[in-house]
Every structure is written in structure tokens, then in C-alpha cells.
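Worksheet: one structure, shown below.
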Amino acid sequence: MVGGLVLSQAQSHQVAAPRTAAPAPLPAQALEKRLREQAAAPCGTAATAVSVRSVDDVRKAHARHIKLGLDRSPRHARPLLAACALSGWPGGTELAASIFDSLDEPEAFDYNTLMRGHVSGGRDPAAALRLYADMLGAGVEPDNYTFPFVLKACAQLAALQEGRQAHIVKLGFQHDEHVQNSLISFYGKCGEPTMARRAFDRTEAGERTAASWSALLAAYTRAGLWGECLESFGAMVREGWRPDESSMVSALSACAHLGAYDVGRSIHCALLRNAARLNTIMETSLVDMYAKCGCIEKAAAVFDAMGGKNAWAYSAMVSGLALHGDGRGALQVLDAMVREGHAPDAAVYVGVLNACSRAGLLEDGLRCFDRMRLEHKVAPNAQHYGCMVDLMARAGRLGDARALIGSMPTGPRDTAWRSLLNACRIHGDLGLAEHALQELRRLGAANAGDFVIVAGMHARARNWDAAAALRTEASDRGLAPCPGFSAVEVRGEVHRFVSQDMSHPRRRDIYEMLHQMEWQLRFEGYEPDTSEVALAVGEEEKRRVVAAHSQKLAMAFGLLSTPEGAPVRIVTNLRMSKECHAYSALISEIFGREIVVRDRSRFHWFRRGACTCRGHCKKKKATEKGAEEEMPIPKKNKKKGVTQQGATTTSSSPGPVTRKRAAMSSTQDGTPSGTPSRSKRKLVA
């Protein structure tokens with residue numbers, strides 16, 4: 001164990017010389033003789049002999065030590081000190097501190113033991129740091145087992161400056177692998193991935209271990225640097241290290257957030273080759289990865305094969321179904337969870353309510369909310385109320401949603417007001433949107449996206465001065481919207497695009513493919529919808545903005561770089577726009593490809609011109625001005641050709657796009673219906 005605090009192994013480097021044998025005792029002194037013999041033996045033996053199972057047993061043994069005058073000797077008190085400090089018994093830490101205080105000259109091992117007890121489970125990390133200061137004040141020199149506990153205490157307290165002052169280099173422990181790994185982990189837990197990387201790079205290649213890589217990957221994961229996490233994971237494998245469980249979980253989490261399906265699948269294959277059986281943590285990570293990469297069927301297969309499902313596994317499956325808009329499936333998983341004897345927690349209900357909201361299941365969501373409160377006694381929190389506000393508002397019940405916010409026991413929270421603001425964007429209620437933004441300002445929780453939504457609503461109403469004032473206010477507050485991007489995975493590498501992107505090495509091929517795609521769509525009667533662009537510019541400029549949308553660039557590169565018939569998987573931090581929704585539906589039918597798009601709120605899976613959202617998301621808009629910018633649905637496009645209703649059906653079951661297909665039903669080169677022409681296939685290949 002780190003710190004050497006397993007008594008049967010750790011004390012060999014600090015065992016005092018055995019005492020000389022005592023004179024032959026009187027018969028009445030038999031107990032005293034046995035205790036003294038145990039104390040004279042190595043501490044590992046003593047720890048075994050003094051069998052304690054509770055705090056009361058420790059108190060009795062300590063009382064005997066006091067009677068024999070052995071309580072002040074670190075060597076004799078050490079087993080009892082470790083038993084109290086590390087057991088987790090109620091009152092054990094206090095008794096351990098009392099035993100420690102009675103020692104005459106505690107050694108580094110004794111300080112380490114008590115510090116380990118303080119940081120175990122985050123019991124009292126501040127006491128561990130005070131103990132370290134007392135250790136230095138008493139002139140006891142720390143050893144290489146001391147600093148992992150000190151750094152862990154600093155990490156638990158987010159005490160960055162204190163951790164930097166731990167005298168690691170001064171005392172010559174900068175090359176100790178345990179200390180270096182703890183330092184990497186400390187910086188990662190304090191939100192300093194750059195410092196964690198520096199600490200990792202300072203470690204010589206021969207001194208690195210699998211734990212060093214694992215700590216670095218965890219640091220990147222905690223900071224949300226998913227690309228860096230996957231790059232480091234690849235470097236770890238290339239250098240010949242076998243990833244441990246923690247490294248695999250970090251890599252799978254990065255794959256889930258990036259939508260890196262191919263990498264995640266290869267990790268799964270490696271696990272199946274090298275592990276006889278996966279534990280619950282790994283299986284839950286796989287469920288989450290497959291669901292967030294757009295393969296809900298594989299996520300369900302992994303979930304169904306799990307032997308010991310826990311609340312985390314159910315939560316991952318329910319959240320995945322919510323991301324795919326499968327409200328009925330989420331309700332079925334909830335029912336199965338209850339049947340199998342598991343009590344749904346707050347996180348599971350957040351996923352179920354989200355699923356009901358995204359699927360438009362108003363009545364089911366209301367019943368689920370009552371079931372959570374009344375049957376399972378789960379107190380609703382701000383997230384639950386935010387889901388209910390979103391559920392009601394999406395159904396057009398804005399008044400009920402606002403009333404629910406006012407009745408929240410915890411008081412109105414930013415999540416609820418933001419859900420109402422998004423609903424106002426969908427239904428075009430500018431007055432209520434202004435009120436929601438004002439409440440967010442009052443709570444000090446307004447972000448760039450909130451200002452952009454209301455500014456966009458003003459822009460569509462031609463209130464240019466009001467829109468400009470809101471954008472200026474957001475800038476004055478130091479709020480900048482995150483730039484919109486779309487990413488696509490090709491051969492295990494994630495390629496990211498922004499609007500009008502010209503930085504990709506294959507930009508010429510991409511824009512040529514984009515031109516061919518738009519030409520093919522126009523041949524089918526398609527006209528780009530520029531009504532979403534809330535800018536005071538001419539029609540040609542609006543068409544230029546729409547034509548090189550980041551999602552279209554990612555789609556063009558995916559079609560260009562993946563085998564014919566393979567699905568194209570795109571991840572974007574924007575909400576799906578009306579224009580991109582119709583565009584993707586047409587491309588999926590013309591090219592005979594599945595287009596899988598994960599936007600900010602859910603998945604859109606386009607097959608043969610239909611989307612799995614079934615029209616529930618057709619009112620969501622976004623532009624490339626920022627990841628938070630969204631637009632409400634305009635009036636129906638009356639232009640000749642494809643309309644929004646043609647792009648996505650609104651019935652209970654998806655249907656193909658309805659439009660003229662005479663030109664595609666039979667081409668001169670004999671290609672079947674639904675595939676591009678021969679010249680187009682050359683670009684795709």
C-alpha cells in the first residue's frame with residue numbers, strides 16, 4: 001500500500017532492535033510477560049497478536065499498555081494506532097489521535113499512519129495538514145510515504161498553494177515514483193492539467209509507471225480536455241504500457257464526449273481480449289460511451305448482459321435513452337429497475353424526466369414526477385424542477401411552467417429560468433423571454449447563451465437596437481459565447497470544423513464535395529433556408545453563411561473519407577438548425593447513408609430521409625455566431641421544392657421525405673435509386 005501502512009509489511013524499515021529478554025517472571029506476572037514478548041517482537045507480529053475488532057477492544061488493549069507502561073512507546077502503540085486510524089470505526093480517529101498524543105517520540109511512520117487516517121474518505125484533510133506542520137516543527141523528517149498523504153489532503157481541500165509548498169524537491173523526493181504520481185494527481189484534482197502535464201514530463205521515462213499515465217489521464221478528464229486525454233492514452237499504448245482500469249475509464253469517457261466511436265469500440269475489443277470478465281464500472285463506462293456515440297443498440301446490449309447492475313448503470317442507460325429521445329424506453333428501464341429491487345435515486349429520475357421532455361411525453365412526465373416524490377420519497381431538486389419546466393414549456397404550457405418556477409420549495413433557480421427561456425425561444429414569446437433573462441441577471445447566473453437567445457429574438461423582430469444593446473451588455477460582462485463547431489471521426493481521428501473553415505489540409509476536396517452535394521440537392525428542388533440568419537445583411541451573404549455551416553463541412557468530409565455505406569457520425573455543440581435538419585435528411589436519402597448527429601441536447605439519426613426525432617425538435621435553431629445561439633421556427637417555407645414538413649414527418653412514426661424522385665429513380669449509369677451519380681461516388685470513395 002502507498003505509505004507502507006499495512007502493518008504486516010510496512011514496519012520492517014522502522015522496527016527497533018528487540019529488547020533483551022526479561023528476568024524469569026513470577027507466575028502472577030504471566031500476562032505481563034506475554035504482552036512484553038509481543039511488544040519486543042517485530043510490529044507486524046504484534047499487530048497480529050493484538051487482535052482488535054472494535055474501538056472497545058482497542059481501549060482495553062490500550063489500558064493494558066498503560067498498566068504496563070508501554071503506551072508511550074511508538075513501537076508498542078503502533079498496531080493500536082493503525083487499527084483506530086484506518087478502520088473507519090465511529091470514534092476511531094479521535095482515539096487514534098489520543099494514542100498518538102501520548103507517544104514520547106513519534107516517528108515518521110506514526111505521523112504517516114495518522115495522516116492517512118485523516119485523508120481516508122476525506123474525513124479531515126485539514127487535520128492531516130496540521131499534523132504535517134507539527135511533524136516539521138518537531139524536527140521529524142518526512143519520508144517518501146509522507147507526501148502522497150499530504151498532497152491528497154491538499155487536493156481534497158483544493159489547496160493549490162499549500163501543495164506547492166510541500167518541500168518535495170528540497171527534501172530530494174522529486175524522483176520518487178509514489179511522490180511524482182501523487183503530485184500529478186494533486187494538480188489534476190486542483191484543476192491544473194497544465195501543471196499535471198509538467199509534473200509528468202519531469203518524470204524520467206524509466207521512472208514512469210501505469211499509475212503515472214492514469215493520473216495524467218484523470219487530470220485531463222477532470223478538466224474536460226477530452227482530445228488531450230485520448231492523445232495521451234494513445235501515447236501510453238504506443239510506449240508499451242498496458243492500461244489499467246482507471247486509464248480505460250478515462251479513455252472511454254473521452255470517447256463518449258468526443259463521439260469517437262471507433263476508438264471506443266477498439267478499447268472494448270481490447271477489454272474483451274484481455275479480461276475474463278468486466279466489472280460494473282467498466283461495463284457502465286461502455287454503456288455511456290456507446291450511447292453518447294450514437295449506438296444505443298450496443299449500449300443496450302452491454303447493459304442487458306451486465307450481471308450486477310447498480311444505480312450508476314441504470315442512470316447511464318436512462319441518460320443514453322434520453323439523449324436519443326426514447327422516452328418510452330427510459331420509462332421501461334425505470335420499471336425494470338424497480339422490479340429488480342433497486343431504488344431509483346435523484347440522478348435516475350433526472351434522466352427519465354429529460355427523456356419524457358425530449359419525447360414530448362407530458363402526461364408520463366407528470367406521473368413520473370409524482371411517483372418520484374410520493375412512491376420513492378426522492379425530494380425534487382433544481383434539476384428535477386428544470387426538467388418539469390422544460391417538459392411543460394415544450395408542450396406550450398408556458399403559464400404553468402412559470403407558475404411551477406414560483407412554487408419551487410428551494411426558490412427559483414437558474415436551471416428552471418433557463419429552461420423557460422429556451423421554451424420562449426421556441427414559441428416566440430419575447431416578453432416572457434425578457435422576464436426570464438431579467439431573473440437570470442438577478443440570480444447572477446446569466447451566461448452568454450442567454451443574452452444571445454434574447455438578442456436573436458429581437459433581431460428577428462427587426463429590433464436591431466435592442467439586439468445590439470444585449471450583445472454589448474454581454475460583452476461588457478465579459479461573457480463570450482463558445483464558438484460553434486462540428487466534429488466527425490474518421491479512422492480513429494476526430495476532425496473539427498467551424499463555419500467557413502479553411503484550415504483543414506483537405507479543404508479543397510471538402511469544398512468541392514460540398515459544392516457537389518449542394519448541386520445534387522438543387523437538382524432535387526432544394527433551396528437553402530436563410531430565414532434563420534438573424535443578421536442585417538443581404539440575401540447573398542446569408543446564403544454564404546448557410547452554405548459553409550460547420551455541420552455541412554463535417555458531413556462533406558465524412559462522406560469523402562469513409563467507405564460507401566458507412567454511417568457518418570457528427571458531434572456539434574450547436575442545436576440542430578432547421579436548415580441543417582432538412583439538409584441532412586436529404587443527404588441521407590440521396591447518398592444512401594446514415595447521418596448521425598449529436599447536437600447540444602439529443603441525437604438525430606437520419607435514415608432514408610427521415611429523422612428519429614420525429615419532428616419533436618424541428619423548432620430548434622442555431623447559427624454559427626456561437627454555440628449558444630438559437631433561432632425560433634419561421635413560417636413554413638413556401639418556395640418550390642422541399643419544405644420543412646418534407647424534411648421530417650411529425651407523425652408518430654417516421655416516414656420518407658416526400659418529393660419528386662423521377663430524376664433519381666433511374667440514372668444513365670444504372671445506379672440504383674437513393675445513391676449519388678458515378679462522378680459523385682468517386683468523391684465519396
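Throughout, residue positions are numbered sequentially from 1 according to the sequence presented.
In this structure, the side chain of Asp110 engages the main chain of Glu107 through a donor-acceptor pair within 3.5 Å. Remark: the backbone N or O of Thr209 is paired with a side-chain donor or acceptor of Ser212 at under 3.5 angstrom. Ser120 places a side-chain N or O within donor-acceptor distance of the main-chain N or O of Arg116, the cut-off being under 3.5 Å. Side chain of Arg418 to main chain of Ala445: a donor-acceptor pair is present (N/O by atom type, distance under 3.5 Å, no hydrogens or angles). Under a 3.5 Å cut-off, the side chain of Thr146 and the backbone N or O of Asp143 do form a donor-acceptor pair. For the pair His257 (side chain) and Ser253 (backbone), a donor-acceptor distance under 3.5 Å is present. At distances below 3.5 Å, at least one donor-acceptor pair connects side-chain atoms of Thr203 with backbone N or O atoms of Ala199. Distance alone, capped at 3.5 Å, is enough to place a donor-acceptor pair between the Thr415 side chain and the Ala382 backbone.
Between Met388 and Leu353 the shortest side-chain heavy-atom distance falls below 4.5 Å. Side chains of Cys84 and Thr93 form no contact here, defined as non-hydrogen atoms less than 4.5 Å apart. Counting heavy atoms from C-beta on, the side chains of Trp226 and Thr221 come closer than 4.5 Å. Taking the side chain as every heavy atom from C-beta outward, Ile267 and Pro243 never approach each other to under 4.5 Å. Contact of the Lys298 side chain with the Tyr261 side chain is registered, since non-hydrogen atoms from C-beta on lie closer than 4.5 Å. For the pair Leu334 and Tyr349, the minimum side-chain heavy-atom distance is below 4.5 Å. With a 4.5 Å cut-off on side-chain heavy atoms, Lys309 and Tyr314 count as touching. Under the 4.5 Å side-chain criterion, counting only non-hydrogen atoms from C-beta, Val350 is not in contact with Ser315.
Within a 6.0 Å sphere centred on CH2 of Trp241, other residues, nucleotides and ligands contribute more than 12 heavy atoms. Taking a 6.0 Å sphere around CD of Glu340, one finds it holds more than 12 heavy atoms contributed by other residues, nucleotides or ligands. Within a 6.0 Å radius of CD in Glu228, more than 12 heavy atoms belonging to other residues, nucleotides or ligands are found.
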* Can you list the steps and then say if Lys292 with Asp288 is a salt bridge (charged side-chain N to carboxylate O under 4.0 Å, His left out)? -> CA-CA 6 Å; Lys292 290 181 178 178; Asp288 183 64; 3.4 Å; yes
* ring-ring contact (aromatic ring centres under 6.0 Å, His included) between Trp213 and Phe233: does it pass, once the steps are laid out? -> CA-CA 8 Å; Trp213 287 98; Phe233 181 78; 9.5 Å; no
* To do: Let me see the working for Glu177 and Glu207 under side chain to side chain contact (heavy atoms under 4.5 Å, CB included), right down to the final yes or no.
  => CA-CA 6 Å; Glu177 66 177 66; Glu207 297 173 351; 5.6 Å; no
* Would Thr113 and Phe100 count as a side chain to side chain contact (heavy atoms under 4.5 Å, CB included) if you check the C-alpha gap in whole Å, the side-chain angles of each, and the deciding distance to 0.1 Å? -> CA-CA 10 Å; Thr113 302; Phe100 179 85; over 6 Å; no
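Between the CD1 atom of Ile66 and the OG atom of Ser102 there is a distance of 7.0 Å, given to the nearest 0.5 Å. Between the CH2 atom of Trp417 and the CD1 atom of Ile405 there is a distance of 4.5 Å, given to the nearest 0.5 Å. Distance check, rounded to the nearest 0.5 Å: CD1 of Ile99 to CZ of Arg72 gives 13.0 Å. Taken from CG in Asn112 to CZ in Phe147, the straight-line distance is 10.0 Å, to the nearest 0.5 Å. Annotation: the span from Asn447 atom CG to Leu479 atom CG amounts to 7.0 Å, rounded to 0.5 Å. Here the CG-CZ distance, from Leu272 to Arg277, works out to 13.0 Å after rounding to the nearest 0.5 Å.
Annotation for Ala291 and Gly320: closest pair CB-CA, 3.6 Å, computed over non-hydrogen atoms. In plain terms, the two heavy atoms of Val119 and Gln156 that are nearest each other are O-NE2, 2.9 Å. Closest heavy-atom contact between Leu278 and Ala275: CD2-CB, 4.0 Å. Of all heavy-atom pairs spanning Leu443 and Pro412, the tightest one is CD1-O, 3.9 Å. The two residues Thr280 and Gly308 have their closest heavy-atom pair at OG1-O, 3.3 Å. Between Ser246 and Ser214, the shortest heavy-atom distance links the atoms OG-OG, 2.9 Å.
Under the side chain to side chain contact (heavy atoms under 4.5 Å, CB included) test applied with Val352, the options Cys368, Pro344, Ser319 reduce to a single match, Cys368.
Ring pair His384/Phe369: centre-to-centre distance not below 6.0 Å. Aromatic rings from Tyr290 and Phe303 are positioned such that their centres are separated by 6.0 Å or more. Side-chain rings of Phe149 and Tyr111 stay apart, their centers remaining 6.0 Å or farther from each other.
No hydrogens or angles considered: nothing links the side chains of Ser98 and Asp101 as a donor-acceptor pair under 3.5 Å.
For the pair Asp201 and Arg198, the salt-bridge criterion is not met [side-chain N within less than 4.0 Å of a carboxylate O].
Figure legend: Arg208 and Phe200 shown as a cation-pi pair, the cationic atom lying under 6.0 angstrom from the six-membered ring centre and within 45 degrees of its axis.
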